[in-house]
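All values derive from a computational prediction rather than experimental measurement. Just so it is clear: chains get the letters A, B, ... in the order the sequence lines come, proteins before strands, and each one is counted from 1.
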Amino acid sequence: MLLYENKKAKLLNILKFGINPFKKFVSTGEIKEDLEFTSSRNELVNTLSETIKTNNNFILPIIGGVGTGKTHLYWILRSGLYRHNTVYISLETGSKRCFYNMYSNYIETLELEPLRNTINHLCNEWGALERKYGFFHVVNIDKVRNNALHKLSRHFKDNEQVALRDVINGITTHQLDPYKRVDAERWLLGELMDVREIARLNLQNDLRKNKNAYVMLKLLIENARKGTVIFIDDFEKLIAMLKPPEDEEEEKIFDPSWLYGSESSPDHVEARKVLKKIMKLLSIKGMKVVITLKSMDALEEIKNIIRDIDENFVQSFLDPLFLLKLSEDDILEFYIKNMEHFLTSINLYDFYDEIPEKYFPLNEIVLKRIYKNTDGNPREIIKMLIKIFNDIIFSEEELENVLFKYERSL
Amino acid sequence: MMDESISNVLFDSVKDILVEGEFKGSIITKCLDPEDSIIFSDNMLISNTEGIIIKDGLKVGYNLDNNKKKAFSIKQDFQWEDFRTIVEYCIRIPDEIMQTYSEGQFSDAFPFTLNLLHTAGLYLNDFKYGVNHLDFFTGEILKNPVTLILHGILIADRVVIKEDGDPVFYDCLIVGRDEHEILKVGYEPITNVEDVLLKYIIILGTEELKL
């Protein structure tokens, strides 16, 4: 059996390979976060979950400063809301071809089998399971398409009818025409297809066409077994896009005012378009939208812009929830959770049960100093932890000396 | 997976069950004629005065034509006042079983399934007029088989003929009598039947099933 000193030495040796337990200080919508929130944030998560479960067609703002864990909150919601598909949308990448991007992200979250189930359910509702003589299922694809069109056309505007026909044809081809099923599935997954492939499926456009993507989204979301939460991160990017450019003195070869007028700009027009699309998205039955913002001022500014477009729409906004900074106890809990996660990944499951030091290789004094120095901002805390662990890993000095340095300098 | 309930039996000449009324759903009528015919319908009216009335039913069986037994399927209305000598039983398949049966048909795409245009006999167990095309279709998938077994009826979405000549039925509805002669209904995703137990297999043609 190893003595506890040897366990500590073993961990330090592993760290010296260059493995830092703290790596990521910026959360993204693409890379999954395994760590849970600290327990002081449970109340916020519970309130948020309850709001999502009990309400429909709302926009719920989450206010939190830079680095407070707004994007991390997405992963917490995604893993906690079992009966919802929680879809991450970033306005950084998603403002162009807005509905197509939303659709792609939705499909990525939904996954293939639930998508097949939903469109199977839709086809059955359109009469695909009609039985001749009470028993024999005979595919009459045109009759199913007509049924679908008859049922759905009144729920879409006149300029969306072509898209609706495309969507109905795509779904019924996938379900009822086994010879074209593979191509139809590629179309349903939002793959880019050439004109010949689209024509073979008897369609006009693929889902890059925003109207097609919107109609697909509406049908899938309204008929999916699970509810849908759209999580739009950094919503105040829209405000930045709506503001006029700062360096107006700069000489330009092409002056956008020739096209957009002196009051507007390409970004301005795009931002208003995105906003209108998000407002349209909220008209989908059962849609729930969570947005993150850095301040209350930004929220008010967004509401004012929306008032200009549609006065009544502001009523869809629920009272904001606030993502606060971590407390002093939180940093200790956060450190322990992260270290335990790291130790599990290197097969040292019971490390802290076998040594007396609770926060090894750091100590409580250093952690509290970090807290004071960073004012409880999670991102700054992680950055500081990365720096200290890098010192432990790469410094020639003894651990005690490294810690002593930080106990005094921080 | 046989259904224990007998409430779906509308008429049974063996157990002397008769439920009067008008019925909708998936109804199988087994006839007592020499053709061993089966009638599929989505409606039925039973009354002691008018007898049994079926509108737009599909009758399936083998009949003798030019000294040969040929499979047939014919769409027609039926009305029998003295039905007790003509019909063995009428049974309605429960909706939940039909739901499972329908879902089984869509559970996967079989693009290489053979659909026959006209109804044809695949197998008939008859000493004098026997039909056996099982070898010809070995390894193929045939759509819409209707099968009469010694003590029951089997309707499947598709049938595959194994190398040894025995058919394997997929997505099957089975109607039959247990050891107490009670009628039961069941669903099986796959059923193996030895050819010695078969009375006949008929493959329904798509022409007869056109909407």
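- Between the NZ atom of A:K132 and the CG atom of B:D56 there is a distance of 6.0 Å, given to the nearest 0.5 Å.
- The OH atom of A:Y133 sits 6.5 Å away from the CG atom of B:L209 when rounded to the nearest 0.5 Å.
- In the displayed structure, A:K280 atom NZ is contacted under 6.0 Å by more than 12 heavy atoms of other residues, nucleotides or ligands.
- The CG atom of B:L204 lies 11.5 Å from the CZ atom of A:F135; values are rounded to the nearest 0.5 Å.
- Contacts between B:I28 and chain A at a heavy-atom distance below 4.5 Å involve backbone atoms as well as side-chain atoms.
- In B:E163, the CD atom is not crowded: 12 or fewer heavy atoms of neighbouring residues, nucleotides or ligands sit closer than 6.0 Å.
- Other residues, nucleotides and ligands place no more than 12 heavy atoms under 6.0 Å from the NZ atom of B:K55.
- Counting heavy atoms of neighbouring residues, nucleotides and ligands inside a 6.0 Å radius, atom NE2 of B:H151 does not exceed 12 of them.
- Across all their heavy atoms, B:S26 and A:R131 have their closest contact at OG-NE, 4.1 Å.
- Summarising the local packing, CZ of A:R78 is surrounded by more than 12 heavy atoms from other residues, nucleotides or ligands at distances under 6.0 Å.
- When heavy atoms are compared at a cutoff of 4.5 Å, B:I27 approaches chain A solely by way of its backbone atoms N, CA, C and O.
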